[in-house]
Every structure is written in structure tokens, then in C-alpha cells.
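Per chain, numbering begins at 1; letters A, B, ... match sequence-line order.
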Amino acid sequence: MSPAPPDAEDLRERVRSFLADHDPSAMDRLEFLRARFDAGLAWVHYPPGLGGLGAPRALQPVVDEEFAAAGAPRNDPERNAIGLGMAAPTILAHGTEEQKKRFLRPLWTGEEIWCQLFSEPGAGSDLAALATRAVRDGGHWIVNGQKVWTSMAHEARWAILVARTDPDVPKHRGLTYFVCDMTAPGVEVRPLRQITGEAEFNEVFLTDVRIPDEHRLGAVGEGWRVATTTLMNERVAIGGNAAGREDGMIGVVARLWRERPELRTPGLHDALLRLWVEAEAARLTGERLRQQLAAGAPGPEGSAVKLAFARLNQEISGLELELLGEDGLRYDDWTMRRPTRVDFTRRSPGYRFLRAKGNSIEGGTSEILRNIIAERVLGLPGEIRVDKDVAWKDLPK
Amino acid sequence: MTNLLYSEIEDELRDGVRRALDDTCPWTDVLAGTEKDEPYDAAAWRAVAGRLGCAGLPVPEERGGAGASWRETAVVMEELGRAVAPVPFLSSAVLATAALLAAERSAGDAAGGDLLAELAEGEKIAVLAVPFSTAPGDQLGTTVGVEGGTLTGRVTSVADGMAADVLLVPAPGGLYAVDAADARRTPVTSLDMTRRLCDVALPSVPARRVAEGEAAARAALVTGAAMLASEQLGLAERCLEITVEHLKTRYQFGRPVGSYQGLKHRLADLWTSIAQARAVARYAAACVAVGDPDTDVAVALAQAHCSAVAVKAAEECVQMHGGIGFTWEHPAHLYLKRAKSAAIALGTPDRHRASLARLVDLPSA
């Protein structure tokens, strides 16, 4: 019988004893992070030997707070959001022991950044229709195709990749999931400039890229099932952090309203109050969702939070520009920059207005989210599917 | 952060109230009741207020109540909204009870007299005699005069007034209790016949002052507005539920109508609004339960949001049922009439947004 998983007090004690042996101020940052991983204090809900202790996931903040209080170096999770949020849980669920040992530690410490090669120009909402081909060649796979909307591709060492290994069966059944070395010959990353002028994302061209069979994740033809694990974790990650009143974009406009009385009109006042109400309702909904998660009863409200967040950001940033009037005609900078994270508050109102247009497209369009809510939450009948029993190669493209 | 979830006790309370309402007032009875003379459903009232003890939830045990809080009362309101139950719960167990509790907090235990305990037990019904459209910030008692221990004047559109044993009348100087039998009450043909209005005339009627000033009546309106948000939530949830059921079983063009995106996406949006309504209604109930300093914001927010969600849910329910949704025989109109009346009751969304403008410092142009 295995011992009971540690509770909060056990975890605090473990961190304290770890810190007694590892002084963060006297150690190399990476050495410290690696040692923290090896002590099972990285992500405590992971199994022992893979950075965790098999503890309840809800206890992670206990450990993080202890390390933060001691001034320990962070693993900068924002820099490796795809790795931590999507690749790691997928590797944990479907990887071989060797793959877990090889990939998880440098992923968690941030030594190796990850990106996601899923979407294609011809496969967005209908991801399972993707066309990138992987053909077996002895102990390797030869991959050809084009991927798009890949954030961090220009910094990533590894990618999670879904490719078509059998075009003769219906689309969901002919896919296989791989780990792709982004430094391999034939991987070409090009910035994808967006409507804001900058390029957060990339296009990735794969030309005769050789992937060893040891880097296949899950069985051949099981790629859709493995990708579902990844996508489920994406939805969990989108829940967001606890926020206070007026923390978000509504706060920016509310402060502008208070500071610039000369801009006020009755119509904009009404619009602002309506959006304030909606933003506060959305914030409390997110708070309620977090309380449900903490109580161990996650609800489907995550989809509601994402839908509302997208629409609110778009309407609030649109209102901000109108409120500004003449100043709303100006933009801060069209230069093609390469930001590694989105920051709505540090750029100009015009940037906010444009960047918010992506909120209802990225991570599942609002239309797909409505389908999901209608079908999986409300139980309404699914869309009529004309492609279900047709071999992928015979689908109209 | 305030707890926005439901406790196990609240879940049990909900089950009990739902069963009682299923037994005593199915919608067919509610519909039939709208054309009868009785101003409310006495059997449902006895079950909820008396047998289940719901009327006394926020009243301390030593004053004859259950010693729970407005949080639990809000759960009862959700169930009453689901059933469009024609009982004077909002009027008596919320508005009148909150007024008496506030009076006792400021003036000491005697203020409510035996009445508070009688309301808590569902033995008597009292109503706050104000037009049902009154918002928490409105001037009160402007149509009633006080002279030598009597009240003279008129109050229009009083909800559940015909069901009342006692009227709590705001008038200059305070809140006065009047025996309803001494007042002249005229039934009003109401948009929502499941919560009927009446006009009240007070021709020099004997009155007893239960609270000084406006504070007690104002506290009652704030609490009432918070609880009404939960009723609106329950109503919206029920509208969504029956609409989803209908769309799964109704076939047109050889397909269930619920398979069309034109309808699915609207219901997904409605579900999203209802998820938000649940969060804001819970927040408002939690705030009034403890007298949180954020109560006024929470209540205005809840009313501004939940009023609109309930009306939208009822309107979608009518529209998505098609022809049958426009008939007297289908319950959709009961929800629509309740939802629209509730949106006007205790302040329209616009009035509550105007309050928010003041409360959160977003002044008008």
C-alpha cells in the first residue's frame, strides 16, 4: 500500500527542510529549480520522480507561497505557458516512462520552451481535418506540411505536433501525435504579422522533417484522443486568476471617465454603465468558478467566462476609442515587434481595440464555444455531420 | 472573498421547497389561479411558509424564526421563481420581515411586537405598502399624512396587498402598522396575476408606529431587491430548461429544432447570462446576509443584471416555443408576465444603473 498523499502541513515542512539545504541566494538559479523539481516540489500533483508528490492539485499554492516568501527563483511560467499548461499534462497522460523522464524536468524549469503545432491554414475550428502528413521511414517519420498561429515557435526547443498518418480513414482516425524538435532540419519559422502590427504568432513550415519514432506520443492513429487531453487542459488554463473590481479593461475606461469629464456624453454614460455591470458580473462568475474548482466540483462555467471575456474586451475597448474622440484616432506603434506575452494595459487604446478582436477567435472561436455549451451543457442535438464516415482524402477541400 | 456557492443545507432546503411546490402548485394550478378571486395560493403558502418554516429563515430563533439568514431565503426565492408561485413570500417574508428586523435593530426588541413572530411562522401576512415599482433610493411616504395616531392618504400598486393582514405604511416620521381590514383596498388587474397588486386608500385609519424615519423601509427595499434577483434567477433557469426540452422534441424539416445553430447559439448565450446571474445573485444575498459594506453596489448590480436576464429568458421561451408559446394554455406567458413585472419592481435596471453611477463614481455627463 502506498503512503497517504501529503497534506498542507507536510508540504510546508518539506519546503522548509528543502530550503534549509538549498539556499536560493547562494545557488545558481537553474540548479535551484532542478533540485526543487527533484524534491517533488515543482508541481505537487505530479507523481513522485516527475517533479511531484502525488498531492492534491489544490495544494500547489501552499508550496508556491512558501517558495515566494523565501525569495526563491521562479520558473517563469508565463514564458512557457504551452509547455506547462498543455504539453506537460499530455506527456504525463500518454508518454512513455522515457519520454516523461526526458522532457518534463527541463520543461518545468523553463530550460526548454514548448510550442504547439496544431492549427493549419485549412484546419482551424475543424482541427481534425488537418493535412500535415507524417510518413513512416524505418525508425523515423518524415513530416511535411504547414502550421499556423504558433506562439513562441521562434523560441521553442520542442513542439507538440499532430499529423496525418493515414489519409484513407475518416479524419479523426488517421492522426498521430508527436514531439517535434524545433531545431531539426526542415523546420522553418516565420513571424505572422497581425492586425496590431506586431507578431505574437508564427507560421511553421515543415519540409521533410525527420522525427524519430521514440518521439511519438501514444499509438499510431490515436492522435485525436491524445490531442483531446491537450485541448481539455487548454480550457482549464483559460479560467484565469482571481481579479478585483475594475482590474480588467473596464478599469481603464472607468478611470478615463473619471479623469476626463469633458469627454462625457449621455449615450456613452449609459453604455459605460451597462458594460460596468457586465464586467462585474463576469468577474464574479470567474470568482464563483474558482470557488467551485477549489471545492473539487468544477462546473462548465469556464466556457461562459471565456465567451463573456471576449465580448466584453471588444465592446469596452471600442467604447474607449469613441470616448477618447480625437485621441482615439491615434495609434502608438505599427512596428513589427515580437512580444512574448499579451499586455492589454501597457499599449494604446487602439492596440486594445485591435488585439481584443483575437479574443473571440483564439483558443476556440466564440461560435464553437456556443456549439459546445449548447451540445455538452444543454444537451441539444449535435450539428449535422457530413464528414463523419468519409475517408479524409475524399473530403472536399 | 465572499462565498458564492450553495451549502449542503441550502441544497436540501431547495429540494424540500421544490417538492412542496411541485405538490401544491403545478403550473396548471397557477394558471387556473390567475382567473380566480383568491389573491394567492393558500395551500402553497401553508406548505412553504408554515410547514417548511421558510418565512422565518432570516428571523432569529428568540424572535420566533429559524435563525438562518438571507442566503437561505434567496434559495427559497429561486424555487418560488421557478414555479411562478402565487404566494406573498417576497412581500411578507422578505420586505415586511426585513422592515421589522431593521426596526428592531435600531429601536430595540419591542418594535416589531408579536407581528415579527407571526410573520416568521406564516400565521399572518404583512406587506410594505409602497408602489411595487419603488426603488431603494426613492422618496417614501409622500402620499400619506399622519394625524393623531391615524393615517390618511392613498398608496397605489401595492403587491400582495389583498393577501395582507397588516400593512406597513411609510409615512412622514416613520413606518406605521395598519390593520388591513381598516384600509379600503381595491384589487388591480395586474400584468402579473401571480403577484397581484391593489390600490390602498387610508381614510383616517388607526396606526401604530413601528420605526422612526425611513431607514427601516429603505433597508427592506434593499433586501427585497437582493432577494428578487434570486427569484429572477430561478425563473430564468426554468425558462431555459423547458425551452431546451422543447427544442429536443420538436421536429421541423425532419430535424429536431434544437439542432439549428440559429437557436442553439441563442440558448448558449442565455445559459452564459444565467451563469453570471447566479454569481451576482449569490453575491447580493451574501452581502445582505452579513450587512457587507458593499451591499448597495451588490444589490444594484444584481438587479441591473438579473432583471434583464429573466426577461430575456422568458422572451426566448415564448419565441422558441413558436405558436404554442403564444397560447394561454402554455406556461410561457406566466413567466413572461412575472419576469417583466419583476424587472419593473423595486427599481428598473436603468434606475439601478443610475444608483451604480453614484456608488462607484461614474458620474453622468
S.K.: Could you list all the salt bridge (Lys or Arg N to Asp or Glu O under 4.0 Å) pairs where at least one residue sits in residues 350-362 of chain B, not counting sequence neighbours?
M.R.: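 Listed by first then second residue: A:R258-B:D361, A:D270-B:R353, B:D138-B:R351, B:D350-B:R353.
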S.K.: Just checking B:L5: does its CG atom have more than 12 heavy atoms from other residues, nucleotides or ligands closer to it than 6.0 angstrom?
M.R.: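 More than 12 heavy atoms, drawn from other residues, nucleotides or ligands, come within 6.0 Å of this atom.
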S.K.: Taking all non-hydrogen atoms of both residues into account, name the closest pair between B:W271 and A:E301 and its distance.
M.R.: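 So the two residues come closest at CH2-CA, 3.9 Å.
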S.K.: For chain A, which of B:S364, B:A275, B:A304 has the most heavy-atom pairs under 4.5 Å?
M.R.: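 Looking at each of B:S364, B:A275, B:A304 in turn, B:S364 comes out on top.
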S.K.: Heavy-atom distances under 4.5 Å only: say whether A:E367 touches chain B with side chain, backbone, both or neither.
M.R.: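 For A:E367, heavy atoms of backbone and side chain both lie under 4.5 Å from chain B.
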S.K.: Where the side chain of B:K264 meets the backbone of A:P381, is there a donor-acceptor pair that is under 3.5 Å apart?
M.R.: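 Here the side-chain-to-backbone pair exists.
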S.K.: Do any N or O atoms from the side chain of A:H269 and from the backbone of B:L362 form a donor-acceptor pair under 3.5 angstrom?
M.R.: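 Side chain of A:H269 to backbone of B:L362: a pair is present.
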S.K.: Are the side chain of A:W257 and the backbone of B:P363 linked by a donor-acceptor contact shorter than 3.5 Å?
M.R.: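 Yes, the answer is positive, given that a donor and an acceptor are paired below the 3.5 Å cut-off.
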S.K.: Looking at A:K388, I'd like to know if its NZ atom is crowded, meaning that more than 12 non-hydrogen atoms belonging to other residues, nucleotides or ligands lie closer than 6.0 Å.
M.R.: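 Result for NZ/A:K388: open.
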S.K.: What's the separation between atom CG in A:L289 and atom CG in B:L4, rounded to the nearest 0.5 Å?
M.R.: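 Rounded to the nearest 0.5 Å, the CG-CG separation comes out at 11.0 Å.
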S.K.: Answer with side chain, backbone, both or neither: which region of B:V297 has an atom nearer than 4.5 Å to a non-hydrogen atom of chain A?
M.R.: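 The answer is the side chain of B:V297.
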S.K.: Check this for me: B:Q319, atom CD, are more than 12 non-hydrogen atoms of other residues, nucleotides or ligands nearer than 6.0 Å?
M.R.: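 No, CD of B:Q319 has 12 or fewer neighbouring heavy atoms, counting only those of other groups under 6.0 Å.
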S.K.: Just wondering, more than 12 heavy atoms not from B:K340 lying within 6.0 Å of its NZ?
M.R.: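 Count not over threshold, so no.
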S.K.: State whether the number of non-hydrogen atoms from other residues, nucleotides or ligands found under 6.0 Å of A:E9 atom CD is greater than 12.
M.R.: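 More than 12 within 6.0 Å, yes.
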S.K.: Is the backbone of A:A281 close enough, under 3.5 Å, to the side chain of B:Q276 for a donor and an acceptor to pair up by distance?
M.R.: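 No; zero donor-acceptor contacts below 3.5 Å.
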S.K.: With chain A as the partner, which of B:V257, B:L356, B:L240, B:N3 has the greatest number of non-hydrogen pairs under 4.5 Å?
M.R.: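 It is B:N3.
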S.K.: May I ask you to decide if B:T2's main-chain N or O and A:Q291's side chain share a donor-acceptor pair within less than 3.5 Å?
M.R.: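 The answer is yes, because a donor-acceptor pair under 3.5 Å joins these two groups.
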S.K.: Using a cut-off of under 4.5 Å for heavy-atom pairs, which of B:V280, B:L263, B:V360, B:L267 has the most such pairs with chain A?
M.R.: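 Answer, by heavy-atom pair count under 4.5 Å with chain A: B:V360.
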S.K.: Answer yes or no: is there a side-chain heavy-atom contact under 4.5 Å between B:L301 and A:L284?
M.R.: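 A side-chain contact exists here, since the closest heavy-atom pair is under 4.5 Å.
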S.K.: Heavy-atom cut-off 4.5 Å, strictly under: side chain, backbone, both or neither for B:S273 against chain A?
M.R.: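 Nothing of B:S273, per the 4.5 Å heavy-atom cut-off to chain A.
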S.K.: Where does B:R266 contact chain A at under 4.5 Å (heavy atoms): side chain, backbone, both or neither?
M.R.: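 No part of B:R266 comes within 4.5 Å of chain A.
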S.K.: To the nearest 0.5 angstrom, please state how far the OG atom of B:S259 sits from the CD1 atom of A:I384.
M.R.: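 Separation between the atoms: 5.5 Å.
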